Amino acid sequence: MSTLPLAPRGVLYHWAEVLPLTEQTPRITLGEGDTPLVRSVALERECGLDELWFKLESCNPTGSFKDRGMVVAVAKAVESGARAIMCASTGNTSASAAAYAARCGLDCYVLVPGGKVAAGKMAQAIAYGSRIIEVDGNFDDALNAARELTARHPVALVNSVNPYRIQGQKTAAYEICETLGDAPDVLAIPVGNAGNITAYWKGFGECAEVGRATLHPRMLGFQAAGAAPLVSGVPVPEPNTVATAIRIGNPASWGGAIGARDESGGSIEAVTDEEILEAYRLLAAREGLFVEPASAACVAGLLQHGRAGRTRGGRAVAILTGNGLKDPDTAIAEYVPNITKSSATVAGVERALGW
Ligand code: AN7
C-alpha cells in the first residue's frame with residue numbers, strides 16, 4: 001500500500017507552464033479541469049459526423065466550465081492583494097466566483113438579472129455566502145454596472161473581460177488535444193458573452209504553435225435565437241431564451257468570437273428554444289448526459305447541420321458547459337416524468353408496474 005500523498009489536482013497545478021503565474025501566485029484549487037471526454041453513443045450519425053465527443057465541463061467543482069478561468073482570476077486577484085471580487089452573471093459565473101471567494105476568504109459580490117437565474121445556481125451563490133444583488137435589468141445591464149463599480153471601488157472584476165479568465169478557460173483546448181492526440185476537425189460550443197469561444201480558439205492556436213496539435217478546428221458557435229447578436233451583427237436589447245445562461249444581448253468578447261469564427265473558417269449560428277430543448281431531452285434520454293439548456297445549444301446546432309446535410313463528417317467535440325442539476329425547473333417542465341404512486345408493498349409495486 002502506497003503512503004505517497006496524492007499530487008494536487010487542478011488547473012494551476014496541471015497547466016502552470018501555459019498560464020501567466022508567478023512564484024507569488026497562490027496555487028489554489030478545487031480540483032477543477034481534467035474533465036472527461038466521452039464518445040457519443042447515439043447522436044453521432046444524426047449529426048453527420050464520423051466521431052462526436054462530448055467534453056463534460058459539467059464535471060467541474062461548481063458544475064460548469066467557469067471554474068477553469070475563475071481559479072486563475074481569483075488566484076491573480078489574491079496575488080495582487082484584493083480582498084473582494086465582483087461579477088455580473090447569468091448564474092454560473094456567480095456560482096464559481098462565490099466558491100473560490102469562499103475558499104480564499106474573499107468577499108464576493110454578484111450582480112444577477114432578477115428572476116432570470118436558474119434555481120441551482122442561485123442555491124450555489126447563497127450556499128457559498130456571496131452577497132447577491134438582483135438587478136432590475138438583464139445580464140448586459142449588470143455587466144455594465146459591475147465594470148463601473150469595480151473601477152470605482154477596490155474590488156476585482158472576475159467576468160471574462162478579466163484576461164485571466166480566458167487564460168484559464170483555454171486549458172480545456174489543451175486537454176482535448178492531449179486526450180485525442182490532436183485538435184478535432186470541429187469544435188461546437190454554446191455562445192453567450194463569448195469568452196469561452198475566444199478562450200478555446202486561443203488554446204487551439206497555442207497547441208498548434210507548440211506542436212500539441214497539427215490542425216485548427218473549425219469553430220462552430222451556437223446562440224439561442226432570441227439572444228443571437230453575433231448572428232444578426234447587432235446587439236439585442238431584450239434577449240430572451242429558455243437557456244438563461246446565454247440570455248445575453250451584447251457579448252463582451254464580441255471581437256474574440258468573430259475572430260474565432262473567421263480565422264477558423266467556422267460559423268456562429270442560431271438555434272431555436274425548441275431545438276435546444278429537443279437536444280436537451282435527447283442528451284439525457286439517449287446519451288445519459290443531463291446538461292443545462294445552454295449546453296444543449298451546441299448539440300442542437302450539430303443536429304441541425306447533420307439533418308440539413310451540411311456536415312462534412314470528421315471528428316467533432318461538443319462542449320457541454322454546465323450540469324443539468326443547475327436548472328431543475330426546466331428539467332421538471334421539459335422531461336415527461338414516468339411516476340406512479342404505490343403502496344410500499346411488493347404487490348402494490350407490481351400492480352403499479354403492470355407485472
Ligand atoms: C452553461 O455565468 O455568462 O460565451 O454569467 O453558463 O463564455 O459567456 C454563462 C455563460 C455557455 C456561454 N454555457 O459562455 C455567466 C455566463 C453555460 C454558461 C455559456 C455560459 P460564454
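Atoms within each ligand, like the ligands themselves, are counted from 1 in listed order. Along the sequence shown, residues carry numbers from 1. This structure is a prediction, so every number in the text was calculated from the model and none was measured.
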Proximal ligand 1 atoms for [X], defined as those under 4.0 Å from one of its heavy atoms:
X	answer
G195	4 (O), 7 (O), 21 (P)
N193	4 (O), 8 (O), 21 (P)
S89	2 (O), 5 (O), 15 (C)
V191	4 (O)

Would you please say whether a donor-acceptor pair under 3.5 Å links the side chains of [X] and [Y]?
X	Y	answer
Q124	K326	yes
Q169	N196	yes
E57	N323	no
T171	R68	yes
E175	H14	no

Between [X] and ligand 1, find which residue part has any heavy-atom pair under 4.0 Å and reply side chain, backbone, both or neither.
X	answer
I246	side chain
A245	both
K326	neither

| query | Do C298 and L220 come close enough that some side-chain heavy atom pair is under 4.5 Å? | reply | no

Run the contact test for [X] against ligand 1 with a 4.0 Å cut-off on heavy atoms, strictly below, and give the result.
X	answer
A194	yes
I248	yes
G91	yes

Return the closest protein heavy atom for [atom] as residue, atom name and distance.
atom	value
atom 6 (O) of ligand 1	N92 ND2, 2.7 Å
atom 5 (O) of ligand 1	T90 N, 2.8 Å
atom 13 (N) of ligand 1	T321 OG1, 2.7 Å
atom 14 (O) of ligand 1	F65 CZ, 3.5 Å
atom 7 (O) of ligand 1	N196 N, 2.8 Å
atom 2 (O) of ligand 1	T93 N, 2.7 Å
atom 10 (C) of ligand 1	K66 NZ, 3.2 Å

| request: Return the orientation label for the H305 and F222 ring planes: parallel under 30°, perpendicular over 60°, tilted otherwise. | output: perpendicular

| task | On the 0 to 90° scale, with breaks at 30° and 60°, tag the Y335-F290 ring pair as parallel, tilted or perpendicular. | result | perpendicular

| field | Proximity winner for atom 12 (C) of ligand 1, if only heavy atoms of A142, P113, G192 are counted | value | G192

| query | With distance as the sole test, does D67 use its side chain to make a donor-acceptor pair with the main-chain N or O of T62 at under 3.5 Å? | reply | yes

| said: Please confirm whether the ring centroid of H153 lies under 6.0 Å from the ring centroid of Y109. | reply: no

| message | Check this for me: does any side-chain nitrogen of one of K76 and E79 sit under 4.0 Å from a carboxylate oxygen of the other? | response | yes

| task | Mind listing the closest non-hydrogen atom pair of A75 and T25 along with its distance? | result | CB-CG2, 3.8 Å

| said: Geometry only, no angles: is E292 polar-contacting ligand 1 at N/O separations under 3.5 Å? | reply: no

